[in-house]
There are 2 protein chains.
Amino acid sequence: MSVGIRHDDLRRRNRAMVIGAVRRGGQPSRTEIAATTGLSHSTISAISADLIAEGILTEGKPNEAGLLKRGRPQVGLGLNPKAATVMTVVLSLNFLSVAVIDYAGQVVAEEQRRLDTLTMSREALIGECTAIVRRRLEDPDLDVRSVARIALGIQGITDTKARAMLWSPITPQTDIAFADILEAEFGIPATMENDCNMMAVALRWRDPERYRDDFIAILLSHGIGMGLVLKGELFTGTHSSGGEFGHMIHRPGGALCRCGRRGCVEAYAGNYAIWRNARQLGEDTEPAADVSDAQMRTLAATARENDGPEREAYRKAGEALGYGLGSLFALIDPAPVAMVGVSAAAFDLIEPALREAIAQTAGGQHSKSISFDTEPNELPLIREGCAMRALTFVDQEIFAPGVQARAGAGKNVA
Amino acid sequence: MSVGIRHDDLRRRNRAMVIGAVRRGGQPSRTEIAATTGLSHSTISAISADLIAEGILTEGKPNEAGLLKRGRPQVGLGLNPKAATVMTVVLSLNFLSVAVIDYAGQVVAEEQRRLDTLTMSREALIGECTAIVRRRLEDPDLDVRSVARIALGIQGITDTKARAMLWSPITPQTDIAFADILEAEFGIPATMENDCNMMAVALRWRDPERYRDDFIAILLSHGIGMGLVLKGELFTGTHSSGGEFGHMIHRPGGALCRCGRRGCVEAYAGNYAIWRNARQLGEDTEPAADVSDAQMRTLAATARENDGPEREAYRKAGEALGYGLGSLFALIDPAPVAMVGVSAAAFDLIEPALREAIAQTAGGQHSKSISFDTEPNELPLIREGCAMRALTFVDQEIFAPGVQARAGAGKNVA
DNA sequence: CAGTGTTTTTTCGAGGCTCGAAAAAATAGG
DNA sequence: CCTATTTTTTCGAGCCTCGAAAAAACACTG
């Protein structure tokens, strides 16, 4: 349950905080870190001396910042790229990509591969993942011992502990404990993350101004996914990655969803649903296995040209998303939204109906003030998110080690 | 942003933890506290010596626990009832109640009053609240200086900081900063809490076995409200108390809701909605201002007797609640549910349709394993929740004081 | 009823951590 | 070259927690 703070936790946490301040960027000086953390200069000085001696941080070149002030110039601290390495593995429909990233966040190597994920056996899928990781680890340019963490990202549902994929639309296989498998194979700590959660993580690092403590990342792709950051923390379900926005119910008993149920938001707003409606196939039509991005772009172009069934299909998608967001906003209050994925490029077709629907809901009071941003390409976001996830793990668990995670400290509901 | 841990925070947090362990009950001995907190016996000994010297804790009578073991008997620690006092003020439809509670959680005085909240002016409403508090404070049996905190509970939406009521169904008035008003009036720290959140808090204290880290409390009353505990913490919106389960959209464009919008869960499951359907008044009929508990009990009795419109009304309520819960479970995964309020007594009429609906949703996979509990009386729960909220505030902020809440310490999304 | 064993609680010195103040370092301006 | 200014480091003081050992409080035994 609730657990005390031991004396050794103190240094550990403050170390993690200094590293975090440096990772957040801007080559902060010791003085700046002291200011933002509220700790004394002496403490920051001591901690950063340690971290530099251990090769985790480096002192930047002085005079780097340009403008010269009167006194002793600040010396910026940066992450030592050689301090460690992490790997990201992103598994999406028919596509596997891996990247090696240095401690400062720069990609140092990558590899991509086309697969037929929908028909592959369990063993083949696992085999491809371990094989691609092994190839990267065998790269002579890479010091294997420096690889401190592997983060996998996958479309689908993962468990809360980020160990296993529970279900995924990209494969009929279920319950694959990828994290455990990779750990056993390579002896490197690994996690299995949900794609949309990683999108949210990446957005937060990319644009901390806009995506700070509360925001929503929605993936508009074949399926509909969501990553949610609330009060500065990634929101997950109690047992799974959660946030299955696409499977909130839009119309009870409505259109057939890929998940086999009826009336989910996705059954109106997923690519296959927009496709189905645009082709006027009827709501009971079995969802198409895949609609290519090119097909979707053509569809959007047609919809923009004339007011036919294509435009109506996007309208219906907007309506479903709007009512879904409205229900979500009833629970969490409105927040900035990032629309990601190929259909985000067609957001102009979606937005009017979406806003109209939101206006009919509890979030509607501030309907106009809700801001949307679009980002058509989800894969780079997922990879960035995985990278940051892996790197912050190294920051916190390896470079600021201590008593193992004493979860729940100080938690108290009342 | 993220903030370091100062040396003085250490003792403060560990003090709070010892107090928390004692409040959680069972008259724990120092040894037991040391075990559950992971701190050393020496530390616990030192801290509890302080707390006893300060009159916050008391040593229980030895031999109290009955069964005698071999060595030196454990001496249980308890809360000193005289250490402080808190007040709870619960404002609900046409009803105002206040209670004075000692530090150990026992009610030492109370007072209740009928009001006509729906027609009262802003000033009158505020006046009644301050007046009833003043009367209790002027009670000669009460040492005013001991009153350390006032917690108000109100049906409706409050702000995240628990300072103000933003909107409430019990009054046409909006945006009343009750917490600030009471603080200014009496110089005692106060908070303004959402009723359903307090229900959840109370349930957690009442039955920590069942209501531990993840559960849902749903108020089935004139309106539909929700209190949500996720990962051990009370869930609130980004700006408001949030969790407006009753205003998730069940059927876009559907039945008229008390909030003026259409198709909300509440427009099918609130007392007025059940009433409207039972009387076959049509979904556009303006919601009745109030339906008495007695009327609802009669309705439920009729519904149990024969399969008429009354039974159908409860069925529709169950369906709306089920689909709503299904959407909620898509976001947070299934969790135990407590149904509270007068219509919880008619849960037998609601449950079949509710379970059937959930089975059609993403949460449906575990439809049968979702467990429901009922509690017809919400007011005692709300008061208990307010009491615990106020008491834990005293525990943490007054008896374990230190640097003022350095929020966000260590929060990191990636 | 005194001695022994057992368990809880307190005491005490050691080791760590952060802090404030002062010193040292590094630079611009005159 | 000297002074003002700002950053960074050094150093002693003050807490806090810890482990080990001592003290306390009881049950059991013969």
Side-chain angles (χ1 to χ4, degrees), chain A residues 3-18 27-53 57 59-77 400-403 406 409, chain B residues 3-18 22 27-53 57-77 400-403 406 409:
Chain A
V3 149
I5 303 182
R6 314 259 309 257
H7 207 177
D8 28 340
D9 285 356
L10 234 168
R11 191 48 170 276
R12 192 185 69 75
R13 297 200 194 191
N14 287 341
R15 271 174 72 104
M17 237 197 21
V18 170
Q27 296 264 100
S29 70
R30 294 165 173 81
T31 308
E32 286 167 356
I33 296 174
T36 61
T37 59
L39 296 174
S40 73
H41 288 185
S42 355
T43 303
I44 302 300
S45 180
I47 292 177
S48 38
D50 285 356
L51 292 173
I52 290 170
L57 299 186
E59 288 190 320
K61 297 275 157 290
N63 261 7
E64 204 158 275
L67 86 161
L68 298 170
K69 282 182 308 181
R70 197 142 155 70
R72 173 173 177 174
Q74 304 189 355
V75 28
L77 297 178
V403 208
R406 327 174 107 251
Chain B
V3 149
I5 303 182
R6 313 261 309 259
H7 206 180
D8 30 340
D9 285 356
L10 235 169
R11 192 48 170 277
R12 191 185 71 76
R13 297 201 195 190
N14 288 340
R15 271 175 72 104
M17 236 198 22
V18 170
V22 175
Q27 297 264 98
S29 70
R30 293 164 174 84
T31 308
E32 286 167 354
I33 296 175
T36 61
T37 59
L39 296 174
S40 72
H41 289 186
S42 354
T43 304
I44 302 300
S45 179
I47 292 177
S48 37
D50 284 357
L51 292 173
I52 290 170
L57 299 186
T58 52
E59 288 190 321
K61 297 274 159 287
N63 261 7
E64 205 158 274
L67 86 159
L68 298 170
K69 281 182 310 182
R70 197 141 154 75
R72 173 173 175 173
Q74 304 188 357
V75 29
L77 297 177
V403 208
R406 326 174 107 251

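Labels below follow one simple rule: chain letters A, B, ... track the order of the sequence lines, proteins then strands, and each chain is numbered from 1.
Taking B:Ser45 as the reference, nothing meets the side-chain hydrogen bond (donor to acceptor under 3.5 Å, both in side chains) condition, with sequence neighbours excluded. Taking A:Ala34 as the reference, A:His41, A:Ile44 meet the side-chain contact (heavy atoms from CB on, under 4.5 Å) condition, with sequence neighbours excluded. Looking at residues two or more places apart in sequence or on another chain, you find a side-chain contact (heavy atoms from CB on, under 4.5 Å) between B:Thr43 and B:Leu39, B:Ser40, B:Ile47. Annotation: side-chain hydrogen bond (donor to acceptor under 3.5 Å, both in side chains) contacts of A:Thr31 (sequence neighbours excluded): none.
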Let me have a per-nucleotide readout for nucleotides 19-26 of chain C, 5' to 3', with B, S or -, counting only protein heavy atoms under 4.0 Å.
BBB--BBB
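Taking atom CD of residue B:Gln27 and atom C1' of nucleotide C:dT8, one finds them 16 Å apart after rounding to whole Å. Between the CD atom of B:Glu32 and the C1' atom of C:dT9 there is a distance of 14 Å, rounded to whole Å. B:Leu77 places its CG atom 13 Å from the P atom of C:dT8, with the value rounded to the nearest Å. When rounded to the nearest whole Å, the span between CG of B:Leu10 and P of D:dG14 equals 19 Å. One can place CD1 of A:Ile47 at 15 Å from P of D:dT8, the figure rounded to the nearest angstrom. Rounded to an integer number of Å, the gap from B:Arg30 CZ to C:dT7 P is 19 Å. The distance from atom CZ of B:Arg12 to atom P of C:dT18 is 17 Å, rounded to the nearest whole Å. In this structure, the CZ atom of A:Arg15 is 14 Å from the C1' atom of C:dG16, given to the nearest Å.
When heavy atoms are screened at a 4.0 angstrom cut-off, B:Ser45 is found touching base atoms of the nucleic acid.
Between B:Thr31 and C:dT9 there is a side-chain N or O to OP1 or OP2 distance below 4.0 Å. For D:dT17, the OP1/OP2 oxygens have a side-chain nitrogen or oxygen of B:Arg11 closer than 4.0 Å. In this structure, A:Asn14 does not reach the C:dC17 phosphate: none of its side-chain N or O atoms is under 4.0 Å from OP1 or OP2.
Two residues are said to be in side-chain contact when any heavy atoms from C-beta on lie closer than 4.5 Å; A:Leu10 and B:Arg6 fail this criterion. Considering only heavy atoms from C-beta on, B:Ser48 stays 4.5 Å or farther from B:Ile33 through its side chain.
For the salt bridge (Lys or Arg N to Asp or Glu O under 4.0 Å) condition, no pair includes a residue of residues 37-46 of chain B, sequence neighbours left out.
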